[in-house]
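Here's the structure we're looking at; comments come further down.
Scope of the values below: all heavy atoms of this structure, side chains included, with no hydrogens, waters or symmetry mates. Lettering of chains follows the sequences in order, A, B, ..., and the numbering in each one begins at 1.
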There are 2 protein chains.
Amino acid sequence: MARYRVGLETRERILAATRRLLSEQGIEGVTLKAITAQARVGAGSFYNLFDSKDDAVFEVVRETIDAVDPDPAGAGTDTLADLVDAFVAFMTGSSPIARIYLQLAGRGLTDAAVAARVLRSHRRRVERFSDAWQREDPSLSEAEAELLAETMLAALTGLGMTALMDPRFDMRAHARRLLPEAAMVSGRG
Amino acid sequence: MARYRVGLETRERILAATRRLLSEQGIEGVTLKAITAQARVGAGSFYNLFDSKDDAVFEVVRETIDAVDPDPAGAGTDTLADLVDAFVAFMTGSSPIARIYLQLAGRGLTDAAVAARVLRSHRRRVERFSDAWQREDPSLSEAEAELLAETMLAALTGLGMTALMDPRFDMRAHARRLLPEAAMVSGRG
DNA sequence: TACATATTGGAGTGTACGCTCCAGTTCTGC
DNA sequence: GCAGAACTGGAGCGTACACTCCAATATGTA
């Protein structure tokens, strides 16, 4: 939507403000007023650059997830243990944005538009896990690998929820148990 | 809070209205206005009997979960497969209240009061799974069984989220794979 | 019956928030 | 330097919603 340089800069300012608010105050802190005040921008400017408040929030969350990707280039060099660790890092790391991610997923349960976005990113992640799994165990069929990946990711998501609600919960230890025997024995990661 | 007969009856009417709205319209349909209209009750009466709107919602969700309990009496007769099936039934069954349950869990990520309630019921469930696991494999230590139960429940929750978002997702098939080899081979359930 | 207490309805309060509107201004390509 | 499109701020709109207040009434008890 932005076409001029100033517009692109404003867009960045808005995203930075959203990121900061999301990190410091969680999803409730992110009102349009808060974003526009933090970014020193009028509501009109905001809506000139984004379709909705959610638009900006989604963008920030996506960026944050991408930031922990162990193989951003998609070169196929990531192991299962890498992916699990990255997920655990995202969930238990200092950034409160993991919370927002799960809350968005929750909203996806009743909001079709949100569901579509969440599912899209979910599928991409399943793909990554599935590929890594096949790389480590080439005897697996694609379908089997995908089944395993789906289950593992589900478990990781569930463990993440527990971890975020219960600070004493050791997500890493639980997540490690999800790895296939081979990976555990060889002590990868 | 209710002490007279009429009060208890009104309380029931309110819960029934909440249950119906939750089932038919999801969490967004449940406004105070909707509840009180459906129950034919004034807002004052509502707050005479409940501390907050959430109070009523939580109660209904709790009842719904209890309704699929394979061993409500706590006699210790439920197998792991039973528990898994019950969870899958709750998630994929016709009642949309599973959605609400997961959404509440999502809210628990930022709302401490909600988190406390969610965690309490989560702990109870882990206990049930853990006990069943030990019953089926007495060689397991309590700690090991709890670890296994926690992971399994996390996976089930994650699978439930995917299932609710993606109608084509076969939760039952995935959930079955979580059972220990023995249970799968013996074809229990 | 008399009394304390519970129950009732629903108008009203306070607030929060996403988004629109639009007149004025900058920007960019030609 | 001109035209036209992009950008800007921010007042204000519309709405939604949880909860309070309170006078009137019903209920249970001694």
Separation of atom CD1 in B/Ile35 from atom C1' in C/dG9, rounded to whole Å: 16 Å
A/Asn48 side chain near D/dA6 phosphate (N/O to OP1/OP2, under 4.0 Å): no
Touch class at under 4.0 angstrom, heavy-atom based, for A/Arg11 against every strand present: nothing
Gap between atoms OH and P, on A/Tyr4 and C/dT25 respectively (whole Å): 17 Å
Whole-Å distance separating the NZ atom of B/Lys33 from the C1' atom of C/dA11: 10 Å
Any B/Lys53 side-chain nitrogen or oxygen under 4.0 Å from OP1 or OP2 of D/dA18: yes
Any B/Arg3 side-chain N or O less than 4.0 Å from OP1/OP2 of D/dG28: no
Contact under 4.0 Å: B/Tyr47 side-chain N or O vs D/dC19 OP1/OP2: yes
Stepwise salt bridge (charged side-chain N to carboxylate O under 4.0 Å, His left out) check, B/Arg117 with B/Asp111: CA-CA 10 Å; B/Arg117 294 180 103 138; B/Asp111 182 331; over 6 Å; no
Residue-phosphate contact under 4.0 Å: A/Thr10 side-chain N/O, D/dT8 OP1/OP2: yes
Comparing B/Val6 and A/Arg5 on DNA chain D - which has the more 5′ nearest nucleotide: A/Arg5
B/Arg13, CZ: over 12 other non-hydrogen atoms inside 6.0 angstrom: yes
Sugar-phosphate, base or nothing in reach of A/Thr36, heavy atoms under 4.0 Å: nothing
A/Thr31 or A/Gly44, whichever maps to the more 5' nucleotide of DNA chain C: A/Thr31
Length of the CZ-P vector between B/Arg107 and D/dA18, whole Å: 11 Å
From C/dC19, D/dC19, D/dC7, nucleotide with atom closest to A/Leu32 side chain: C/dC19
Interatomic distance, B/Phe46 CZ vs C/dA11 P [rounded to whole Å]: 18 Å
Interatomic distance where CG belongs to A/Asp54 and P belongs to C/dC17 [whole Å]: 14 Å
Closest non-hydrogen atom pair between A/Ile100 and A/Gly26, with its separation: CD1-CA, 4.2 Å
Separation of C/dC19 C1' from A/Ile14 CD1 (nearest whole Å): 14 Å
A/Thr162 vs B/Glu150 side-chain heavy atoms within contact, under 4.5 Å: yes
Given D/dG10, D/dC7, C/dT8, the nucleotide with the shortest approach to the side chain of A/Ala43: D/dG10
A/Glu142-A/Ser130 side chain donor-acceptor pair, cut-off 3.5 Å: no
Value in whole Å for how far the C1' atom of D/dT15 lies from CD of B/Glu28: 16 Å
D/dC7 OP1/OP2 closer than 4.0 Å to side-chain N/O of A/Ser45: no
